[in-house]
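Worksheet: the structure to be examined is printed underneath.
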Amino acid sequence: DQQVKQNSPSLSVQEGRISILNCDYTNSMFDYFLWYKKYPAEGPTFLISISSIKDKNEDGRFTVFLNKSAKHLSLHIVPSQPGDSAVYFCAANILEGSGGSNYKLTFGKGTLLTVNP
Amino acid sequence: NAGVTQTPKFQVLKTGQSMTLQCAQDMNHEYMSWYRQDPGMGLRLIHYSVGAGITDQGEVPNGYNVSRSTTEDFPLRLLSAAPSQTSVYFCASSYSHTSGDNEQFFGPGTRLTVL
């Protein structure tokens, strides 16, 4: 049962335009949502996060929006640059473990973003 | 700081062989974890550790062992390699396991092929 879903395997946009990457989740107990970016032959790197009690978080060109009622979040990149071409993973954190003491991160399958010059 | 380092970068094994994937971090992070990434899949958690001497299973632990004798090192052992363990393995660390927005730092990965 996939709890974090990224239904678009790929997305292609023109340089300077907006990139919108979408993510859906099924577990309403997720506390935090994080986006990671991954270049080929490298490990993922953290991009931006949002708490489940917020609906927006912004960091430079990157904004994440959370719609709890729809169990949906999206990552907006404005303006998109060729260097943004990478796989983007949506991930969600939930408290687990004995006594609910550890956070466990669940990843989506990723979306390959290609920004064309 | 070197961050999170992993060795080897590439490895080819025969079915039934054993090996250890090494992971080290120099950030004094208490939380360390191992993930595997397969084509068309997200990263799946194999094992994790919240501190030296403490380990626990993740989503796909079968066929793997871990130990955490120091804060810095978190090796992953394949006991008897199987073709289904062909994957890219990532080690990650983070400062805390009790903060949900705490970012994890990933190593560059080990690409393992089991023939």
Side-chain angles (χ1 to χ4, degrees), chain A residues 1-10 23-25 27 29-54 57 59 64 66 87-112, chain B residues 2-10 21 23-25 27 29-51 54-61 87-111:
Chain A
D1 179 30
Q2 197 182 351
Q3 296 192 65
V4 179
K5 302 176 186 178
Q6 294 178 259
N7 292 320
S8 298
S10 63
C23 178
D24 298 296
Y25 62 96
N27 192 337
M29 300 301 292
F30 285 133
D31 275 333
Y32 289 89
F33 302 90
L34 301 89
W35 286 92
Y36 284 80
K37 179 168 78 172
K38 184 184 180 304
Y39 293 119
E42 294 184 11
T45 55
F46 171 77
L47 196 55
I48 192 170
S49 66
I50 187 168
S51 165
S52 60
I53 62 172
K54 301 256 175 102
N57 188 26
D59 183 1
V64 56
L66 175 63
V87 175
Y88 288 78
F89 289 102
C90 173
N93 241 340
I94 188 170
L95 266 177
E96 282 195 358
S98 50
S101 57
N102 305 321
Y103 270 100
K104 178 192 167 188
L105 198 59
T106 300
F107 284 85
K109 294 184 178 182
T111 297
L112 173 63
Chain B
V4 179
T5 57
Q6 291 183 239
T7 55
K9 286 193 185 304
F10 302 94
L21 280 62
C23 174
Q25 53 92 8
M27 297 173 282
H29 284 170
E30 63 176 13
Y31 182 88
M32 296 185 75
S33 55
W34 278 101
Y35 293 87
R36 59 178 288 175
Q37 185 193 11
D38 301 297
M41 306 285 288
L43 284 83
R44 293 183 293 169
L45 182 65
I46 305 172
H47 284 285
Y48 66 94
S49 168
V50 300
I54 307 169
T55 63
D56 207 344
Q57 296 181 350
E59 181 184 355
V60 288
S87 188
V88 181
Y89 292 84
F90 291 101
C91 179
S93 73
S94 66
Y95 179 72
S96 168
H97 63 279
T98 58
S99 175
D101 62 347
N102 203 244
E103 68 173 283
Q104 293 197 37
F105 294 82
F106 284 82
T110 294
R111 185 174 294 274

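Below, chain A is the first sequence line, B the second, and so on; all start at residue 1.
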> What pairs with A:Ala41 under side-chain contact (heavy atoms from CB on, under 4.5 Å), at least two apart in sequence or on another chain?
Replying inline: none
>> Quick check on B:Arg44: does its CZ atom have over 12 non-hydrogen neighbours (other residues, nucleotides or ligands) under 6.0 Å away?
In response: yes
> Quick check: are there more than 12 heavy atoms from other residues, nucleotides or ligands sitting under 6.0 Å from OH of B:Tyr95?
Replying inline: no
> How close do B:Phe90 and A:Lys38 get, heavy atom to heavy atom, and via which atoms?
Replying inline: CZ-CE, 3.4 Å
> Closest heavy-atom contact between B:Asn102 and A:Leu34?
Replying inline: O-CD2, 4.4 Å
>> What part of A:Tyr36 gets within 4.5 angstrom of chain B, counting heavy atoms only: side chain, backbone, both, or neither?
In response: side chain
> Looking at CZ of B:Phe106 and CD of A:Glu42, how far apart are the two atoms once the value is rounded to the nearest 0.5 Å?
Replying inline: 13.5 Å
> Roughly how far, to the nearest 0.5 Å, is NZ of A:Lys109 from CD of B:Gln37?
Replying inline: 12.0 Å
> Looking at A:Ser49, A:Ser52, A:Ala91, A:Gly43, which has the largest count of heavy-atom pairs under 4.5 Å with chain B?
Replying inline: A:Gly43
> With respect to chain B, which residue among A:Leu105, A:Thr106, A:Asp31 yields the maximal number of heavy-atom pairs within a distance under 4.5 Å?
Replying inline: A:Leu105
> Hey, are the side chains of A:Tyr103 and B:Gln104 touching, using non-hydrogen atoms and a 4.5 Å cut-off?
Replying inline: no
>> Going by the rule ring-ring contact (aromatic ring centres under 6.0 Å, His included), which residues pair with B:Phe105 if we only count those two or more places apart in sequence or in a different chain?
In response: B:His29
>> I'd like to verify something: which residue of B:Val50, B:Leu43, B:Val88 has the highest number of heavy-atom pairs under 4.5 Å with chain A?
In response: B:Leu43
